[in-house]
Participant: 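Got a structure for you, questions after.
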Amino acid sequence: WDEAASPEGPVSVLVSVPDRRVHVLRNGVRIGSAPLDVAAGFEFHGAVVFVMMQGTDDAASPLDPTQKRHRWATYPVRGDAAATLSMDDLAARLKVPDEFARHVYPILTPGASILVTDLPAVRTSAAAADAQPVLQSDAGARRE
């Protein structure tokens, strides 16, 4: 986690189910990354974008149970699963380390987006060339 890499600006979160990884970007610069624990049997095919709205619910946030849950608008991008996936589904099936979640919660503000996808975040080998990555990286970049 390195908020100094981009201290201000809009926040986006990329959740790559096949990579089992979450990336947090601010102004398009990655400020954090963490492993993703995917519940046994959970399969996701497609992509969905969640956009944070104004206000909170009375329920606890799945990221930080000491805080209230944000409200989210859901925009299925592709795939049948994307049309039915909710933020509650994500919270029940996808987990990040608690310390990472405590970093993410306070920087989420209305307009923040979360993209959940069945695509890899970064192409890591020539064998994966037919799968288009969500993020591009330099050819010599080291994967974290």
Participant: What residues, two or more places apart in sequence or in another chain, satisfy salt bridge (charged side-chain N to carboxylate O under 4.0 Å, His left out) together with R71?
Facilitator: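 Expected list: D57.
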Participant: Nearest heavy-atom pair of H45 and D118: which atoms, and what distance?
Facilitator: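 What the structure gives for the nearest pair is CA-OD2, 3.4 Å.
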Participant: In the single-linkage hydrophobic clustering (I, L, V, M, F, W, Y; side-chain heavy atoms under 4.5 Å), do I114 and M53 co-cluster?
Facilitator: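 Hydrophobic grouping puts I114 apart from M53.
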Participant: Please examine the side chains of R21 and P35, heavy atoms only from C-beta on, and report whether any two atoms are closer than 4.5 Å.
Facilitator: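 When only atoms from C-beta onward are counted, R21 and P35 do touch, with a gap below 4.5 Å.
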Participant: Indicate the ring-plane relationship of W72 and H70, choosing parallel, tilted or perpendicular according to the 30° and 60° boundaries.
Facilitator: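 Geometry flag for H70 against W72: perpendicular rings.
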Participant: How close do A121 and L14 get, counting heavy atoms only, and between which atoms?
Facilitator: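 Smallest heavy-atom distance, with atoms named: CB-CD2, 3.8 Å.
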Participant: Which residues pass the ring pair (Phe, Tyr, Trp, His ring centres under 6.0 Å) test with F100, sequence neighbours left out?
Facilitator: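 Once residues adjacent in sequence are excluded, the partners of F100 under the ring pair (Phe, Tyr, Trp, His ring centres under 6.0 Å) criterion are W1.
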Participant: Looking at every non-hydrogen atom in both residues, tell me the closest pair between S33 and R30 and how far apart they are.
Facilitator: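 Of all heavy-atom pairs spanning S33 and R30, the closest is CB-CD, 4.1 Å.
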Participant: The criterion is side-chain hydrogen bond (donor to acceptor under 3.5 Å, both in side chains); which residues satisfy it with S86, sequence neighbours excluded?
Facilitator: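 With sequence neighbours excluded, S86 shows a side-chain hydrogen bond (donor to acceptor under 3.5 Å, both in side chains) to D89, given in chain and number order.
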Participant: Any side-chain heavy-atom pair from V104 and V96 closer than 4.5 angstrom?
Facilitator: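 Of all side-chain heavy-atom pairs linking V96 with V104, none is under 4.5 Å.
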Participant: Given side-chain contact (heavy atoms from CB on, under 4.5 Å), test M87 with V48 step by step and report yes or no.
Facilitator: CA-CA 10 Å; M87 194 56 77; V48 62; over 6 Å; no
Participant: Hey, are the side chains of V24 and H103 touching, using non-hydrogen atoms and a 4.5 Å cut-off?
Facilitator: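 No; the side chains remain at least 4.5 Å from each other.
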Participant: Do you know the tightest heavy-atom contact between P97 and A34?
Facilitator: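 Answer, listing the atom of P97 first, then A34: CD-CB, 4.1 Å.
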Participant: Strictly distance-based, threshold 3.5 Å: is any side-chain N or O of S12 a donor or acceptor partner for the main-chain N or O of S113?
Facilitator: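 Here the side-chain-to-backbone pair does not exist.
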Participant: Can you check whether V17 reaches R93 side chain to side chain, under 4.5 Å on heavy atoms?
Facilitator: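 A side-chain contact is absent here, since even the closest heavy-atom pair is not under 4.5 Å.
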Participant: Is there a side-chain contact between L94 and F44, using heavy atoms and a 4.5 Å cut-off?
Facilitator: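 They are not in contact (no side-chain heavy atoms under 4.5 Å apart), so the answer is no.
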Participant: Between atom NE2 of H23 and atom CG of L115, what is the distance when rounded to the nearest 0.5 Å?
Facilitator: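 One gets 11.0 Å once the value is rounded to the nearest 0.5 Å.
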Participant: When rounded to the nearest 0.5 angstrom, what is the spacing between CE in M52 and CG in L108?
Facilitator: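 If I round to the nearest 0.5 Å, the distance is 6.0 Å.
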Participant: Shared ILVMFWY cluster between V13 and I107, side chains joined below 4.5 angstrom?
Facilitator: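 Yes: a chain of side-chain contacts under 4.5 Å links V13 to I107.
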Participant: Taking all heavy atoms of V29 and all of A5, pick out the closest pair and write down the distance.
Facilitator: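 Here V29 and A5 meet closest at CG1-O, 3.8 Å.
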Participant: So how far is it from T109 OG1 to Q54 CD, rounded to the nearest 0.5 Å?
Facilitator: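 Taking OG1 in T109 and CD in Q54, the distance rounds to 9.0 Å.
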